[in-house]
Amino acid sequence: MLRQVLHEGLRTSFHKLGHFVANHPVFFASAPVLISILLGASFSRYRIEENVEYLLAPKHSLAKIEGNLVDSLFPVNRSKHTLYSDLQTPGRYGRVIVTSRRGSVLDPHHVNTVLMLHNTITQIQVPMLGFNYTFAHLCLLDDSKSCIVDDILRVLEEMRSARASNHSVAPLRYPITKLKDGREAYIGHQLGGVLAGGGRDGVRSARALQLTYYLQAASPLNEVVAASWELLFCRELENFGEAHPELSLNPFTSSSLQRDFQRTSRVSERPLLFSLAACLTLAMLCCSMRDCVRTKPWLGLLALVTVSLATLTSAGIFNLTGGKYNSTYLGIPFVMLGHGLFGTFEMLSSWRRTREDQHVKERVAAVFSDCMLPFTASTALHVVTFGIGASPFTNIEAVRLFCQNACISVLFNYLYILTFYGSNLVFAGYLENNYRHSLFCRRVPKPELLQQKPAWYRFLMYTHYNEEATDAGPLRAYESHLLIAFMKRYYCDWITNTYVKPFVVLFYLVYVSFALMGYLQVSEGSDLSNVVATETSTIAYTRAQQRYFSSYSPVIGFYIYESIEYWNTSVQEDLLEYTKGFERISWFESYLNYLHGLNITTSLSRSNFTEHLRSGFLSQPCYVHFSDDIIFAKRADGEFDVVASRMFLVAKTTENKREEMSILLDTLRKLSLTSRVKFIIFNPSFVYLDRYASSVGAPLKNSCIAALFLLFFSTFLAADPLVNAWLTVTVASVEFGLVGFMTLWRVELDCVSVLCLIYGVNYAVDSSAPLVSAFALGRESTRTRWVKLALERHGVPALQSYLCYGAALLPLAAVPSNLTRTLFRCLFLTAIITAFHCLAIVPVLLTFLPPSKKNRLERKDAAENSEEIECVEMGDSTRVVDQITTV
């Protein structure tokens, strides 16, 4: 009883609101336009977020803490040999992968060309403030004040010198080779596509080289010059590639990822215009009909205008609050479009069900009373789910910012549909009541006068004049609408046919089976190439790296951050055990081998161990570079102690490089917690891998929990609690299918797909809430009859929304970007799966699952003590047979 009272109270409130809007249509039509124009002027503050790590890396991760500790102990300018590798490297840099189109890059002519390329890069000049800066002015310097270059370049120089002097070329070991000065160097991330042969680990041929040029950015001037150098670096490589077609060059710089991430916004501009035009055209067609008075093409246009005004208003607020744009915001207009289309088409459908003999204000009030309660509930669900995603608990900033702006946008979308679209519905109502043409606003002549006009005039001015003002009268007038006629005359009878329902249930079981198959294969998409434009240097570089450099992991720093007993035999055994199975560049292992070579035991005292290390080992030319990896501190007694050190490890990997790196990271982290040697491991790419799965999935999980709680507590406001039960089941089925089919369509679980999954919860509720509510509140008829009535009332606006939304999404498929590809696939699947549920699965299941209509009829009869005749429809393909049973 309380639920019915609350439900009727809310309907009455919206009825009064509709009256208020109908009494002041000019104000409510002009106010949103003025607000949007004023706030739209704030686009002069338009700014772009340039820090991709800030957007896409988990905010609260152990890897960031470890990175800060590493930077404090071993900053980049302390590293005199370059062992970094992966897409992310601290500071400014330029990187290029050189591949040979034929033969090996170690062939003499390719070696000469690569060294020529190196010479060209080092001579790039950046004019700034009257001075030409070259790589020599910007590079990181070693102890001899020379630029740090990759070890593979030294290898190539040695090979060219040996060939020039007719000496035999020393065999090249892989992945760790020995240079001419006796130093061991890891070249696994510099030489790729290696074919071993000719000796133990000797390299017979190689398909790719990777060269990296590190730059200093110690001052604002250096930062500007380095940024300009990176641009000239890419341009010079393009020119060099055209001059030497035998080599393929794939450049990458520290700003490439940010530039290619934001490029999605630029390449999406034209497809978005096509998307708007397609949706606008289809919306006008869906609102049009043969009757020139009752057709409402302008309301289809104004539905898109309403969404556009709300978008402009929310964007203005975003600019005024100092927000910065990024490419993930491309999904917000589609979130608003899906929400707005359902609201506007439901209002138009409700308008068609009102009596034409009523005053316009009464008709508008009836529309508000009928539509605004479920629309308000779905808007509240949008705000709650996106609001939870915008909370500080969301660990990925791109997801949090998207949810925050989507929440604001949906709220303004709701307000503008109530005010702007509602007021325009009033104006359209006055045109209809006065029998004026919907396009030309000219009064349509009465039938006897119209017959005297030419044929073309009669065609344009065709209408049903002076229809009988009964409940069924307006509906018959609107049956000339194509979608209404299709739904009422064909689809409703077909979907509820006794012989069709088993096939629908069978099809649903097939749907669940494929969804389960995809659900079991879900993978996380921490690869940053998933969010950049396709035809870019980032994609080309990533493909080349995965093809030629996937045999070994990025170089992992193994940092011992406190003083330990390196001279202790058990500690030595522990360290050797921890690094066992890796390719190692380790001062500790080299030092123990050095002591063994001198026939000195490794079990020395503290002072002797440290003295041999400082004065003997590090003074050797082939080991002097290890001094960068050890931090000494002087004790109170005057002796030196090793307070921190680092080693470098490389793991053998396969094609699933990122998954293996994530597993390796977790394994070594667990080992560091139980080991008596206090160490951390770090590579710049760990910032994106660390806790990525939990960080991406947390907003979706929290939003789904919030949606379930909202649906549960709103049962006290719904007229029938089974409405919320059906909505919960529908949302769960849609989300399950969306995750499964998304995976089968090769979409990984990343920040973009998670945002689409959050929106999928709201989209499913938007679609199914009116249909289920209409069925649950139905009285005095059979299940099948009320399923048909619910489809007639709410199936048409749902179908119109699906058609317009699908038309708006299709141009996204042509955008050359991985981000929009993910966006299109997820949103398109959301629309298809939701349409399948709302137009097929839910109507069929409602014909034989609760709520029951028979029980309500029996309760009503018991109260009235009267005889009832219940009609049970038994349908076949040709007729409907009424089985009359006296109760």
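Residue indices begin at 1 and follow the sequence shown.
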Glu362/Arg355 ion pair, N-O < 4.0 Å: no
Nearest heavy-atom neighbours spanning Ala365 and His19: CB-CD2, 3.6 Å
Pair Phe375-Phe342, ring-ring contact (aromatic ring centres under 6.0 Å, His included): steps then yes or no: CA-CA 8 Å; Phe375 186 58; Phe342 276 112; 9.3 Å; no
Parallel, tilted or perpendicular: rings of Tyr416 and Phe412 (30°, 60°): perpendicular
Value rounded to 0.5 Å, distance of CG in Leu823 from OG1 in Thr328: 9.5 Å
Check: Pro271 main-chain N/O paired with Ser275 side-chain donor or acceptor under 3.5 Å: no
Test item: Phe427 and Val26 side chains (from C-beta on) under 4.5 Å apart, heavy atoms: yes
Trace of the side chain to side chain contact (heavy atoms under 4.5 Å, CB included) decision for Met742 with Arg825: CA-CA 7 Å; Met742 179 185 76; Arg825 291 182 178 182; over 6 Å; no
Note, Ser753 side chain near Asp750 side chain (heavy atom, < 4.5 Å): yes
Side-chain touch Leu272/Leu276, heavy atoms, less than 4.5 angstrom: no
Ser409 backbone acceptor or donor facing Asn413 side chain under 3.5 Å: no
Smallest separation among heavy atoms of Phe420 and Ala29, with atom names: CD1-O, 3.2 Å
Exceeds 12 heavy-atom contacts within 6.0 angstrom, atom CZ of Phe274: no
Evaluation steps, side chain to side chain contact (heavy atoms under 4.5 Å, CB included), between Met487 and Leu483: CA-CA 6 Å; Met487 188 66 66; Leu483 295 180; over 6 Å; no
Closest contact, heavy atoms only, Cys287 versus Thr295: O-OG1, 3.6 Å
Modelled atom types, side-chain donor and acceptor of Thr379 and His339, under 3.5 Å: yes
Donor-acceptor contact present, side-chain Ser36 to main-chain Leu309, <3.5 Å: yes
Shortest non-hydrogen contact from Leu846 toward Trp726: CD2-CE2, 3.5 Å
Worked verdict on Ile841 versus Val505 for side chain to side chain contact (heavy atoms under 4.5 Å, CB included): CA-CA 7 Å; Ile841 297 300; Val505 175; over 6 Å; no
His794 NE2 to Ser349 OG distance, which is reported to the nearest 0.5 Å: 7.0 Å
Short side-chain to backbone donor-acceptor contact, Ser314 and Ala310, under 3.5 Å: yes
Side chain to side chain contact (heavy atoms under 4.5 Å, CB included) assessment of Phe848 paired with Leu845: CA-CA 6 Å; Phe848 55 84; Leu845 295 181; 3.6 Å; yes
Under 3.5 Å donor-acceptor, Thr834 side chain and Ala831 backbone: no
pair Leu757-Glu735: side-chain heavy atoms closer than 4.5 Å: yes
Neighbour count >12 (heavy atoms, 6.0 Å) for atom CZ, Phe828: no
Verdict with reasoning, Tyr759 to Phe334, per ring-ring contact (aromatic ring centres under 6.0 Å, His included): CA-CA 10 Å; Tyr759 175 61; Phe334 293 96; 9.7 Å; no
Whether His24 and Phe20 hold their rings parallel, tilted or perpendicular, with breakpoints at 30° and 60°: tilted
Heavy-atom closest contact (Ala22 atom, Val426 atom, distance): CA-CG2, 3.7 Å
Gap separating the CG atom of Leu829 from the CH2 atom of Trp745, nearest 0.5 angstrom: 5.5 Å
Any donor-acceptor N/O pair, Asp370 side chain to Ser350 backbone, under 3.5 Å: no
pair Thr311-Ile332: side-chain heavy atoms closer than 4.5 Å: no
Check: Ser391 side chain, Ile388 main-chain N or O, donor-acceptor pair, under 3.5 Å: yes
Nearest atoms (heavy-atom pairs only) where Cys804 meets Leu341: CB-CD1, 3.8 Å
Ring geometry between His382 and Phe386 (parallel below 30°, tilted from 30 to 60°, perpendicular above 60°): tilted
Side chain proximity check, Leu418 to Val21, heavy atoms < 4.5 angstrom: no
ring-ring contact (aromatic ring centres under 6.0 Å, His included) between Tyr511 and His837, worked out: CA-CA 11 Å; Tyr511 157 83; His837 278 76; 5.3 Å; yes
N/O donor-acceptor pair under 3.5 Å between Lys488 side chain and Phe486 backbone: no
Exercise: do Tyr802 and Ser767 side chains pair donor with acceptor under 3.5 Å: yes
Point-to-point distance, once rounded to the nearest 0.5 Å, from CD of Glu432 to CZ of Arg363: 4.5 Å
Parallel, tilted or perpendicular: ring planes of Tyr329 versus Phe402, cut at 30 and 60 degrees: tilted
Side-chain donor/acceptor of Thr354 to backbone N/O of Trp351, under 3.5 Å: yes
Pairwise distance NZ(Lys788) to CD1(Ile495) - rounded to 0.5 angstrom: 12.0 Å
Side-chain heavy-atom pair Thr394, Cys403 within 4.5 angstrom cut-off: no
Note, Thr376 side chain near Phe14 side chain (heavy atom, < 4.5 Å): yes
Heavy atoms of other groups near Tyr430 OH, more than 12 under 6.0 Å: yes
